Amino acid sequence: MSILTSKETDYAQWYNDLILKSGLAENSAVRGCMVIKPYGFALWENMRDELDKRFKETGHQNAYFPIFIPKSFLSKEAAHVEGFAKECAVVTHYRLKNDPDGKGVIVDPEAKLEEELIVRPTSETIIWNTYKNWIQSYRDLPILVNQWANVVRWEMRTRLFLRTAEFLWQEGHTAHATKEEAIEETEKMLDVYASFCEEYMALPVIKGVKTANERFAGAEETYCIEALMQDGKALQAGTSHFLGQNFAKAFDVKFADKDNKMEYVWATSWGVSTRLIGGLVMAHSDDQGLVLPPKIAPLHVVIVPIYSKDVAAREKIDQYAKNLVKELRSKGIRVKYDDDDTTRPGWKFAEYELKGVPVRVALGARDMEQNVAEVARRDTKEKMSLSLDNLAISIQELLDTIQQNMYNKALQYRSEHYTKVDSWEAFQEVLKTKGGFVAAHWDGTSETEEKIKELTKATIRCIPLNNPPEEGVCVFTGAPSKQRVLFAVAY
RNA sequence: CGGGGAGUAGCGCAGGCCGGUAGCGCAUCUGGUUUGGGACCAGGGGGUCGCAGGUUCGAAUCCUGUCUCCCCGACCA
């Protein structure tokens, strides 16, 4: 019996059921804000730890900046305020008092702030205000800083992980002496994100740059990685922005170069968020529950004993299992021996499938006699009988196989949902029938982009970085075009 | 902010039209039998029916107001 709405029936409902039932997160008392439950947070910790390692390997350090931003800061960069003003939470008072007319508390009108504080929707402004004091000379550059933080964007409509009013993320903010170096940094971090997604999340992504319409508010160029979900919709999985000198100019951050000339500093910022968890879920999971790639799974292996009345057999199973646990742990494999006798094996099987544990080992008296264990993989649901000799090694290899298989499967799905089209009819038809990425010529204007969005809901996800030049005509207006861009309906 | 739907036990719901002891499934607790795909039997506990008024001898049910949540749109990582 399945407890999830099937993907086929209602993809959105399936996603929601899955997040709730698998125990990743739930809605909270605050509209639009979620509670990330221990299992979901364990996923985030694994992602965070690996990303953090990669940031440090590329020379970055962590720091922390305030959650509050003075209102005046946000307005210093014109495009930036335009982009975020509509979704900011504002702190206006600093004190409550007992309601003189009854029970409860009210905001103390005496405690109004001189200048309102914005709960950060992103930290460019407070950070660049800080960098101003950190940078005088070219010797102070580059500054390569990352922060792990929460941010708040007051979204109209929210969905667990994909779009919440508050979310967790990391934001890197770097300062450089030259434009070239800043662009190099922007691209380097995009590569870090892309390889992380592909190697750890088993999530193939397309690297590209955004059109002016989709660009980050305040950026000169927004690089992105785009992933494809199982319903044919695209998900922006990470962004890396070349900010030019916009923030340096807004916050007057100059440095003396080697020739003692004053120059504005060049900037980048880049981030990924808990949204990635939503992408991970939507890219791999099925009607039985989560399917997690081993490298990210909180638990790699669960061992389920099949007990019987035979006490001697039970002890034998326990003993073997405990040794196996020890051996797997010594190989760095996260394993749980579920010998809880209050639930039965069938219940556990279903439960761990729901939770997406990559490998399940069942051990019963019958197996022990034959010197085997039943090993089931979550990604293919295949069950096999493996020898107890060298079982830990077999499992270790199986985990690698699963990781690779999940990536291949996602990649194959994406290949099958990547369609080149050359006519407006085909464009609409592909979006309607199979979805996915549509590679089409575009005349380069925002007007056409907007019009296409209006008519099909599809937006330009990116102009791929490895795009071959190709003469063609815009699929919508027929105007000349020199390359294809990727359209998709997106989350 | 527009359009739809819903608030009744921890979760999912019925009851409402036609007012009269608040019910069902799951979960939970106790005891027992079980254990190879979400076990079974027996017994038990748990509710100011979103909130505030009103009508009435009597309101989950009728009336008025109000709040909240969910879904679809506009906005967005």
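Here the structure is a predicted model, which means the values were calculated and not measured. First the proteins, then the strands, lettered A, B, ... as listed; each starts at 1.
Figure legend: A/Lys451 and A/Phe476 shown without cation-pi pairing, the cationic atom not lying both under 6.0 angstrom from the six-membered ring centre and within 45 degrees of its axis.
Relative to the side chain of A/Met156, the nucleotides B/U35, B/C75, B/C69 differ in distance, and B/C75 lies closest. Closest to the side chain of A/Arg31, from the set B/U35, B/G37, B/C70, is B/C70. Of the candidate nucleotides B/G37, B/G36, B/U35, B/G37 has the atom lying nearest to any side-chain atom of A/Ala350. Counting only heavy atoms from C-beta on, A/Glu351 has its side chain closest to B/G38 among B/G38, B/G36, B/G37. Comparing B/G37, B/U35, B/G38 by their nearest atom to the side chain of A/Lys309 picks out B/U35. Of the candidates B/U34, B/C70, B/G36, the closest approach to any side-chain atom of A/Asp367 belongs to B/G36.
Among the atoms of the strands shown, base atoms are found under 4.0 Å from some heavy atom of A/Arg360. A/Glu155 comes within 4.0 angstrom of a nucleotide base, judged by non-hydrogen atoms across all strands.
Between A/Arg120 and A/Pro66, the shortest heavy-atom contact is NH1-O, 3.2 Å.
Comparing A/Arg215 and A/Pro345, the nucleotide of RNA chain B nearest to each residue sits closer to the 5' end for A/Pro345. Both A/Ala12 and A/Thr239 lie near RNA chain B, and the one whose nearest nucleotide falls closer to the 5' end is A/Ala12.
Base-pairing analysis of RNA chain B finds the following stems of at least three consecutive Watson-Crick or G-U pairs, with both pairing distances under 3.5 Å: B:1-7 with B:67-73, B:10-13 with B:23-26, B:28-33 with B:39-44, B:50-54 with B:62-66.
Across B/G43 and B/C24, the matching P atoms stand 14 Å from one another, rounded to whole Å. Using P as the reference atom, B/A22 and B/G31 are 32 Å apart when rounded to the nearest Å. A gap of 26 Å separates the P atoms of B/G5 and B/A52, to the nearest Å. When the P atom is compared between B/G20 and B/C49, the two are found 15 Å apart, to the nearest whole Å. Remark: the separation of the P atoms in B/C75 and B/G12 is 32 Å, to the nearest Å. B/U56 and B/C13: their C1' atoms are spaced 30 Å apart (whole Å).
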Report the C-alpha distance between A/Tyr320 and A/Tyr337 in whole Å, list the side-chain angles of each, state the deciding distance to 0.1 Å, and finish with yes or no for ring pair (Phe, Tyr, Trp, His ring centres under 6.0 Å). CA-CA 11 Å; A/Tyr320 180 83; A/Tyr337 178 44; 10.0 Å; no
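To the nearest angstrom, C1' of B/G38 lies 9 Å from CZ of A/Arg344. One interatomic measurement links the two molecules: CD1 of A/Ile306 to P of B/A39, which rounds to 12 Å at whole-angstrom precision. In this entry the distance linking CD of A/Glu26 with P of B/C70 reads 13 Å, nearest Å. Rounded to an integer number of Å, the gap from A/Asp341 CG to B/U34 P is 12 Å.
Not less than 6.0 angstrom separates the ring centroid of A/Trp128 from the ring centroid of A/His80. A centroid separation of 6.0 Å or more is found between the aromatic rings of A/Phe427 and A/Trp442.
Between the CH2 atom of A/Trp14 and the CG atom of A/Asp10 there is a distance of 11.5 Å, given to the nearest 0.5 Å.
Contact check for A/Glu353 versus A/Arg360: side-chain heavy atoms found under the 4.5 Å cut-off.
Partner A/Lys210 forms a salt bridge (Lys or Arg N to Asp or Glu O under 4.0 Å) with one of A/Glu221, A/Glu449, A/Glu220, A/Glu226 and no other, that one being A/Glu226.
For B/G36, its base never sits under 3.5 Å from the side chain of A/Lys383 at any donor and acceptor pair.
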